[in-house]
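Here's the structure, in structure tokens; my notes come after.
Lettering of chains follows the sequences in order, A, B, ..., and the numbering in each one begins at 1. The model shown is predicted, which means the values in this text are computed figures rather than measured ones.
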Number of protein chains: 2
Amino acid sequence: MENLKINVVVDSSLCLKNPESSELGKKIVGKGIEMINEMGYESFTFKKLGEQIGSNESSIYRYFESKHTLLVYFVNWYWSWIEYKLVFGTMNLNTPEEKLNKAIQLLVEDVKEDNSFSYINEVLLNKIIISEGSKVYYTKEIDNENQKGYYATYKRLVQRISDFVLAIQPSYPYPHMLISTMIEGAHYQRYFSKHLPSLTDTESGEDTIVKFYTELIQRAIK
Amino acid sequence: MENLKINVVVDSSLCLKNPESSELGKKIVGKGIEMINEMGYESFTFKKLGEQIGSNESSIYRYFESKHTLLVYFVNWYWSWIEYKLVFGTMNLNTPEEKLNKAIQLLVEDVKEDNSFSYINEVLLNKIIISEGSKVYYTKEIDNENQKGYYATYKRLVQRISDFVLAIQPSYPYPHMLISTMIEGAHYQRYFSKHLPSLTDTESGEDTIVKFYTELIQRAIK
DNA sequence: TTTTTGTTAATAGTAATACTATTGTATATT
DNA sequence: AATATACAATAGTATTACTATTAACAAAAA
């Protein structure tokens, strides 16, 4: 699985200096994921991160121009990672139905395994995407950042899965809305099931959220 | 329509002093909605609000203990308003199918009319709910705040509409997930259609989002 | 009328935050 | 060995969210 790492590529415009190019950079990313997970995005600061990695606040600014772009970098890394798993996991499947089911599973299910060969903990990263991910685009700078390509990976991923939907049912008029509803929905359903369970119908022991979206999409496009 | 206002009740624990009880309180709420809309939640400060309403920053702290609880107040006011419109708009409908359709329309469609009798601009408030609303529960304090009843109005609303679903199809296993998926989904689909349109399939001239969710739900529960 | 009481807002702060300008230091190149 | 470059650390600034204290003012009581 560690070969996948090579294919996770984040656009270089998202950071001032590639964090993979130095030990300090890897520490910033690795510890940053841990800390945002522990204390939440709002409480997390570059100063605290600097203390944890035995470095200085301003050194971090050499890699990322702001706390916000660090989060944008995480989100893009995550979607790039998911995209590779999607391409890899569907290329040997024959029917679009199988490919779509694989995609649903990949995007909706909880990430449970961590590739320990990397300095990035994918389990924690998945939790950040669920709890903090939407803060990346709920900003007044959205149009500027969109133009800079901050959301390119995500848009490409939605397009790929929409293509599976269209391969099954070419006349379905809302493939993008269906898939973005699923991806975003899966995230806050997981969040709700943990913190506001009365907004969900989750039961322990089985992945109700995967079941729900699989069924929802099958019925929508049939 | 202005009689509805009487029925919009926000739990008193959400503010230190009821803003409806004084002119200053009404200014805080009214101008606060305007300013968050213009500059976004992050850039908005109590200091700037104080300047705009000809008052002092600290006077605002007499009404709301923080910027965050002001947003929580707005969200609760909004859901309370929607809940009243739902109860009022469905009580003379006979079938659960009609009631559910009414609920979908009420929750998914854009708010276009402003009740000018009030100091609260519902059109702007709807925009805040769409662009900033999720920031209310994506916080590390979620469990604390949930216990204090910060999300009670929202949970009650989801329950009401889930009951319509169950009246139509008692065996449907995911009514709450279906409705919370719709409500949250409708918000970011509107946001996406404006800022990241390639994630949607919206066309100008017709309300594709209402169509999409109406069809999605009908097919899901049939 | 004077005094007391309670409610309101304004003043003037604090600690912490995001971010930057500048200086120092190690490494590589000539 | 001298110079150039890349890097990180120091030490800041402006702004933020929030608070402790004081002042204004009205109604009620003496």
Side-chain angles (χ1 to χ4, degrees), chain A residues 12 14-32 35-36 38-74 132 135-136 138-141 144-145 150, chain B residues 12-32 35-36 38-74 132 135-136 138-141 144-145 148 150:
Chain A
S12 61
L14 287 173
C15 47
L16 301 171
K17 185 190 169 176
N18 189 350
E20 292 187 63
S21 70
S22 76
E23 279 308 307
L24 182 69
K26 287 175 192 170
K27 275 191 201 167
I28 289 169
V29 168
K31 199 75 193 176
M35 290 179 74
I36 291 180
E38 277 167 34
M39 60 178 61
Y41 177 73
E42 275 73 26
S43 299
F44 170 80
T45 71
F46 277 4
K47 195 173 185 179
K48 290 175 188 168
L49 175 57
E51 283 164 17
Q52 283 288 317
I53 60 178
S55 183
N56 194 277
E57 183 191 12
S58 58
S59 306
I60 302 163
Y61 281 99
R62 304 275 160 181
Y63 290 84
F64 297 97
E65 72 173 41
S66 68
K67 186 168 98 162
H68 180 250
T69 57
L70 179 65
L71 190 63
V72 173
Y73 179 88
F74 288 161
E132 319 283 358
K135 290 169 188 173
V136 148
Y138 281 131
T139 160
K140 274 281 164 182
E141 292 301 306
N144 261 330
E145 297 187 347
Y150 281 23
Chain B
S12 62
S13 70
L14 287 173
C15 46
L16 301 171
K17 185 190 168 177
N18 189 351
E20 292 187 63
S21 69
S22 76
E23 279 309 306
L24 183 69
K26 288 176 192 170
K27 275 190 200 169
I28 289 170
V29 168
K31 199 75 193 176
M35 288 180 74
I36 290 180
E38 277 166 34
M39 61 179 61
Y41 177 73
E42 277 73 27
S43 299
F44 170 80
T45 71
F46 278 4
K47 194 174 184 179
K48 290 175 188 169
L49 175 58
E51 283 165 18
Q52 283 288 316
I53 60 177
S55 182
N56 194 278
E57 183 191 9
S58 58
S59 306
I60 302 163
Y61 281 99
R62 304 277 157 180
Y63 291 84
F64 297 98
E65 72 173 40
S66 69
K67 188 168 97 162
H68 181 250
T69 56
L70 178 66
L71 190 62
V72 173
Y73 179 89
F74 287 161
E132 320 281 359
K135 291 168 188 173
V136 148
Y138 281 131
T139 161
K140 275 280 163 181
E141 292 302 306
N144 260 331
E145 296 186 348
K148 286 190 216 159
Y150 280 23

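Salt bridge absent: A:Glu42 and B:Lys135 never bring a charged side-chain N and a carboxylate O closer than 4.0 Å.
Going from atom CE of A:Met39 over to atom C1' of C:dT17 covers 14 Å, rounded to whole Å. In this structure, CD of B:Glu23 is placed 21 Å from P of C:dT7, rounded to the nearest angstrom. Distance, A:Leu16 CG to D:dA6 P: 15 Å, rounded to whole Å. Atom CG of A:Asn18 and atom P of D:dC7 are 11 Å apart (whole Å). Between B:Ile60 atom CD1 and C:dA10 atom C1' the separation is 12 Å, expressed in whole Å. A:Ile28 has its CD1 atom 12 Å from the C1' atom of D:dC7, to the nearest Å.
Between A:Lys48 and C:dA16, a side-chain N or O to OP1/OP2 separation shorter than 4.0 Å is absent. An OP1 or OP2 oxygen of C:dA10 is reached within less than 4.0 angstrom by a side-chain nitrogen or oxygen of B:Ser55.
At least one cation-pi condition fails for A:Lys67 and A:Phe46: the charged atom is not both under 6.0 angstrom from the six-membered ring centre and inside a 45 degree cone around its axis.
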Please report the C-alpha distance between B:Leu14 and B:Phe64 in whole Å, then the side-chain angles of each, then the deciding distance to 0.1 Å, and finally whether the side-chain contact (heavy atoms from CB on, under 4.5 Å) criterion is met. CA-CA 8 Å; B:Leu14 287 173; B:Phe64 297 98; over 6 Å; no

Check the pair B:Lys148, B:Glu141 against salt bridge (charged side-chain N to carboxylate O under 4.0 Å, His left out), reporting the backbone distance first and the verdict last. CA-CA 11 Å; B:Lys148 286 190 216 159; B:Glu141 292 302 306; over 6 Å; no

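Atom OH of B:Tyr61 is separated from atom CD1 of B:Ile28 by 11.5 Å, given to the nearest 0.5 angstrom.
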Give each protein N/O atom lying under 3.5 Å from an N/O atom of nucleotides 17-24 of chain D, with the pair distance.
unit_1 : atom_1 : unit_2  : atom_2 : d
D:dA17 : OP1    : B:Phe44 : O      : 3.4
D:dA17 : OP1    : B:Lys67 : NZ     : 2.8
D:dC18 : OP2    : B:Lys67 : N      : 3.3
D:dC18 : N4     : B:Glu57 : OE1    : 2.8
D:dC18 : N4     : B:Glu57 : OE2    : 2.7
D:dT21 : O4     : B:Arg62 : NH2    : 3.0

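In this structure, A:Val136 and A:Tyr150 have side chains that are not in contact, with every pair of non-hydrogen atoms separated by 4.5 Å or more.
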